[in-house]
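So that the names make sense, note that chain A is the first sequence line, chain B the second, and so on, each numbered from 1.
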Protein chains: 2
Amino acid sequence: MAVIKYSRQREAIKEYLSQTKEHPTADTIYMNIRESYPNISLGTVYRNLNLLVEMGEVLRINGMDGSDRYDGHTQQHYHFLCNKCHKILDLEMESIDHINDTANKDFPGKVEGHVTYFYGKCNECK
Amino acid sequence: MAVIKYSRQREAIKEYLSQTKEHPTADTIYMNIRESYPNISLGTVYRNLNLLVEMGEVLRINGMDGSDRYDGHTQQHYHFLCNKCHKILDLEMESIDHINDTANKDFPGKVEGHVTYFYGKCNECK
DNA sequence: ACTGTATATAATAATAACTACTATTATTTT
DNA sequence: AAAATAATAGTAGTTATTATTATATACAGT
Ligand SMILES: [Mn+2]
Ligand SMILES: [Mn+2]
Ligand SMILES: [Zn+2]
Ligand SMILES: [Zn+2]
């Protein structure tokens, strides 16, 4: 796949992700795009999500539960998972990139980055 | 399931996990236990891993790639994932639990903990 | 605007990781 | 040793995701 051609399906996915504050699964995205494009296929959603992640236009959040989540807001930020209602929230907090240095200290290889999420009780559930 | 009864299959899994320094998948564990228990079923491996994780005798590491990894060494420690050879290594480093406080600062809910792993190039791959 | 070619799509099949079910077997209690 | 209970092997089912393929769309060159 050398040249990337426009598709309204991909545009709709990007649009939907940029305007939601949630962190939807591929299936949730599918359900929503369906309202404007009833014939869109789930495979198309997955393929475009992979493309968008690869292009850096969308973030993939994985490991929180069974299925991957997607985030249209690509500036670096951290996530919080509520243990009770399982909502995923953005965390506004100062950088913790220094933990890379901590990790590097006695490590023979090279630590380049980290993946972190926080968990606990959200405002409503605590 | 009120009472937990002994089983040599479960014992073999625990034994295998306690002596390996790797972080095997359920399937890898299955392959290895098979050498001493050729009839063990993959379902038995999964069921016992879940049990052992629940009992706190084994750690589950998820989100690194498609399938969960298991760790027989249960003292809290961090992991490193090599981007090139995809090995998972233990990281000996000082505690970074203070990042919970950082995350809590302006958060209306209650941050109780975090999940973190580091990535980069291991000693052989860098 | 018309045509050719490459890319994207919908629909569907396939895969991978894991869980559920059930008849049999192993462990523990009595 | 017999009864009671839990674990197992073997298998079927689920869920999330990827692969396949025939058709549709985008778009560069005329
Ligand atoms: Mn986010
Ligand atoms: Mn470890
Ligand atoms: Zn909550
Ligand atoms: Zn490596």
Side-chain angles (χ1 to χ4, degrees), chain A residues 1-17 22-55 57-71 81 86 88 117, chain B residues 1-17 22-55 57-71 81 86 88 117:
Chain A
M1 261 184 224
V3 174
I4 287 164
K5 291 188 177 172
Y6 172 90
S7 99
R8 29 205 162 145
Q9 289 89 338
R10 185 186 313 125
E11 219 47 41
I13 292 169
K14 236 162 68 177
E15 165 65 12
Y16 171 69
L17 280 176
E22 297 175 26
H23 300 81
T25 61
D27 203 65
T28 304
I29 296 166
Y30 173 57
M31 295 309 192
N32 277 275
I33 305 294
R34 258 186 142 181
E35 283 165 27
S36 16
Y37 296 91
N39 291 330
I40 194 173
S41 136
L42 185 53
T44 296
V45 173
Y46 273 108
R47 184 167 27 74
N48 279 302
L49 285 171
N50 286 338
L51 237 180
L52 291 168
V53 168
E54 210 174 304
M55 300 191 303
E57 299 192 31
V58 162
L59 292 180
R60 168 181 288 129
I61 310 170
N62 48 20
M64 294 240 179
D65 73 329
S67 46
D68 289 352
R69 308 291 187 130
Y70 295 89
D71 191 333
L81 171 67
H86 300 112
I88 295 177
Y117 67 85
Chain B
M1 260 184 226
V3 175
I4 287 166
K5 291 186 177 174
Y6 171 92
S7 100
R8 27 199 163 150
Q9 289 89 338
R10 178 159 59 243
E11 219 47 41
I13 292 169
K14 234 161 71 176
E15 166 65 12
Y16 171 69
L17 280 176
E22 299 176 26
H23 300 81
T25 61
D27 203 66
T28 305
I29 296 166
Y30 172 57
M31 295 308 192
N32 277 273
I33 306 294
R34 259 186 144 183
E35 283 165 27
S36 16
Y37 295 91
N39 292 330
I40 195 173
S41 137
L42 184 54
T44 296
V45 174
Y46 274 108
R47 184 167 26 74
N48 280 300
L49 285 172
N50 285 338
L51 238 180
L52 291 167
V53 168
E54 209 173 307
M55 300 191 304
E57 298 192 32
V58 162
L59 292 180
R60 168 180 290 129
I61 310 170
N62 49 20
M64 294 240 179
D65 73 329
S67 46
D68 290 351
R69 307 292 186 128
Y70 295 89
D71 191 333
L81 171 66
H86 301 113
I88 295 177
Y117 69 84

task = Please report the C-alpha distance between A/Ile13 and A/Tyr70 in whole Å, then the side-chain angles of each, then the deciding distance to 0.1 Å, and finally whether the side-chain contact (heavy atoms from CB on, under 4.5 Å) criterion is met.
result = CA-CA 10 Å; A/Ile13 292 169; A/Tyr70 295 89; over 6 Å; no
inquiry  = Let's go through B/Val45 and B/Asp27 carefully: what are the C-alpha distance in whole Å and the side-chain angles of both, what is the deciding distance for side-chain contact (heavy atoms from CB on, under 4.5 Å) to 0.1 Å, and is it a yes or a no?
reply    = CA-CA 8 Å; B/Val45 174; B/Asp27 203 66; over 6 Å; no
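Summarising the geometry, the separation between CG on B/Asp27 and P on C/dT15 is reported as 16 Å, rounded to the nearest angstrom. One atom, CG of A/Asn50, and another, P of D/dA16, lie 16 Å apart when rounded to the nearest Å. One atom, CG of B/Leu49, and another, P of D/dT8, lie 11 Å apart when rounded to the nearest Å. The distance between atom OH of B/Tyr30 and atom P of C/dT19, rounded to the nearest whole Å, is 16 Å. If you measure from atom CE of B/Met31 to atom P of C/dA16, you get 12 Å, rounded to the nearest angstrom. Distance, A/Asn48 CG to D/dT25 P: 16 Å, rounded to whole Å. B/Leu51 places its CG atom 16 Å from the C1' atom of C/dC18, with the value rounded to the nearest Å. Between the P atom of C/dA8 and the CD1 atom of A/Ile13 lies a distance of 12 Å, rounded to the nearest Å.
In this structure, the salt bridge (charged side-chain N to carboxylate O under 4.0 Å, His left out) partners of B/Lys14, at least two apart in sequence or on a different chain, are B/Glu11, B/Glu57. In this view, A/Tyr46 and A/Ala26, A/Leu42 satisfy the side chain to side chain contact (heavy atoms under 4.5 Å, CB included) rule, not counting sequence neighbours. B/Asp68 meets the salt bridge (charged side-chain N to carboxylate O under 4.0 Å, His left out) test with B/Arg60; sequence neighbours excluded. Evaluation of the side chain to side chain donor-acceptor pair (under 3.5 Å) rule for B/Tyr117 yields no partner, not counting sequence neighbours. Judged as a side chain to side chain donor-acceptor pair (under 3.5 Å), and not counting sequence neighbours, B/Arg8 has no contacts. Take B/Thr28 and apply the side chain to side chain donor-acceptor pair (under 3.5 Å) test, not counting sequence neighbours, and it matches B/Thr25. Here A/Asn62 pairs with nothing under the side chain to side chain donor-acceptor pair (under 3.5 Å) rule; sequence neighbours left out. Taking A/Thr44 as the reference, A/Gln9, A/Ile40, A/Ser41, A/Arg47, A/Asn48 meet the side chain to side chain contact (heavy atoms under 4.5 Å, CB included) condition, with sequence neighbours excluded.
Put simply, A/Arg47 has a side-chain N or O that comes within less than 4.0 Å of OP1 or OP2 on C/dT9. OP1 and OP2 of C/dT19 both lie 4.0 Å or more from every side-chain N or O belonging to B/Tyr46. OP1 or OP2 of C/dA8 sits under 4.0 Å from a side-chain N or O of A/Arg10. For the OP1/OP2 pair of D/dT25 and a distance below 4.0 Å, the side-chain nitrogens and oxygens of A/Gln9 include no atom meeting the criterion.
Recorded end-axis angle for the helix from C/dA1-D/dT30 to C/dT30-D/dA1 stands at 30°, based on five pairs per end and rounded to 10 degrees.
Interface residues of residues 59-71 of chain B facing DNA chain C, ordered by number: B/Ser67, B/Asp68; criterion, heavy-atom separation under 4.0 Å. Contacts between residues 36-43 of chain B and DNA chain C, defined by a heavy-atom separation below 4.0 Å, involve no residue at all.
To the nearest 0.5 Å, atom CG of residue A/Leu51 and atom OG of residue A/Ser7 are 9.0 Å apart. Atom CD of B/Glu22 sits about 11.0 Å away from atom CD1 of B/Ile29, to the nearest 0.5 Å.
Under a 3.5 Å cut-off, the side chain of B/Arg69 and the backbone N or O of B/Pro24 do not form any donor-acceptor pair. Side-chain atoms of B/His23 do not come within 3.5 Å of backbone N or O of B/Asp71 as any donor-acceptor pair.
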note = Once base and sugar-phosphate atoms are separated, protein heavy atoms under 4.0 Å mark nucleotides 23-30 of chain C, 5' to 3', with B, S and - as ---SBS--
